[in-house]
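Have a look at the structure below before the remarks.
Computed from heavy atoms alone, side chains included, the values below leave out hydrogens, waters and symmetry copies.
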Amino acid sequence: TERTTDQTVDYSDYLFVGQYLPYYICDGSVSYPGAAGPIGNCQAPNLFVNSLTETKVQTHELRFNTPSEHRLRATFGGFYSDLELTELNDFTYPGSELVIGFNGVQGFGPNYPLTNTAVTGTVGNAAPGYFSDAGPFPEGVIFRNDVRRTDEQMGL
């Protein structure tokens, strides 16, 4: 079985719990004001997530039963399952493209998966690993979940 979902999800509610949101949608002088107080602009919190999920599942089961007229009856067999789930979620903050940083530059620089250490180097606990898109992220994408989960099961 193969299933694909491609959807855009409203993420504006993050405004109410995301204490770091002003960093991404306000000018640097607003997020971290100096002695003169906050000066500058904040962009609209019209946040969204572009989500692409693909699931591939293969299962097989084989059962045998002894004849019901026999005194000893049994059901036995084997089972196999193989699953792969890939998910790419781009958390997009359109206002981030318009903010003015402390250096006077508009927007944020290119952003890459931390698992793409050929570009990012080793940052914190980052290590080479899975990514479906080497980057850079599309404009306005501040954060990305890019995961692959696999599961293989067998039973007798």
Qualifying residue, where the test is side-chain contact (heavy atoms from CB on, under 4.5 Å) with E2 and the options are K56, Q58, E54
K56
Using modelled atom types and a 3.5 Å cut-off, is there a donor and acceptor pairing between side-chain atoms of N145 and backbone atoms of N89?
no
Taking the side chain as everything from C-beta on, heavy atoms only, tell me whether T86 gets closer than 4.5 Å to S132.
no
Qualifying residue, where the test is side-chain contact (heavy atoms from CB on, under 4.5 Å) with I100 and the options are V30, N41, D27
D27
Quick one: pull up OG in S51 and CG in D6 and give me the separation to the nearest 0.5 Å.
8.0 Å
Here the pair of heavy atoms bringing G78 nearest to L156 is CA-CD2, 4.1 Å
Just how far is it from atom CG of L85 to atom CZ of R148, taken to the nearest 0.5 Å?
11.0 Å
Looking at every heavy atom in both V57 and T59, which two are closest together, and how far apart are they?
CG1-CG2, 3.9 Å
Nearest non-hydrogen partners of C26 and S31, listed with the distance
CB-OG, 3.7 Å
Side-chain (T66) to main-chain (A74) donor-acceptor, under 3.5 angstrom:
yes
Min side-chain heavy-atom separation L52-T4 under 4.5 Å
yes
Any sub-3.5 Å donor-acceptor pair from D146's side-chain atoms to F131's backbone N or O?
no
With a 4.5 Å heavy-atom cut-off, do I142 and N111 have their side chains touching?
no
With heavy-atom distances below 4.5 Å as the criterion, would you say the side chains of R144 and L88 are in contact?
yes
Would you check if the side chain of T115 reaches a backbone N or O of Y130 as a donor-acceptor pair within less than 3.5 Å?
yes
So which atom in N116 and which in A134 form the shortest heavy-atom distance, rounded to 0.1 Å?
ND2-O, 2.9 Å
How many angstroms lie between CD in E97 and CD in Q43, if you round to the nearest 0.5 Å?
10.0 Å
Can you get from L98 to L47 by hopping between Ile, Leu, Val, Met, Phe, Trp and Tyr side chains that sit under 4.5 Å apart?
no
Can you list the residues that meet the salt bridge (Lys or Arg N to Asp or Glu O under 4.0 Å) rule with E69, with sequence neighbours excluded?
none
Test: ring-ring contact (aromatic ring centres under 6.0 Å, His included). Region: residues 38-74. Which pairs qualify, not counting sequence neighbours?
F64-F76
With side chains defined as the heavy atoms from C-beta onward, is the minimum distance between P45 and S12 less than 4.5 Å?
no
Does any pair with a residue in residues 82-121 pass ring-ring contact (aromatic ring centres under 6.0 Å, His included), and if so which ones, sequence neighbours excluded?
Y11-F91, Y23-F108, Y24-Y93, Y24-F108, F91-F143
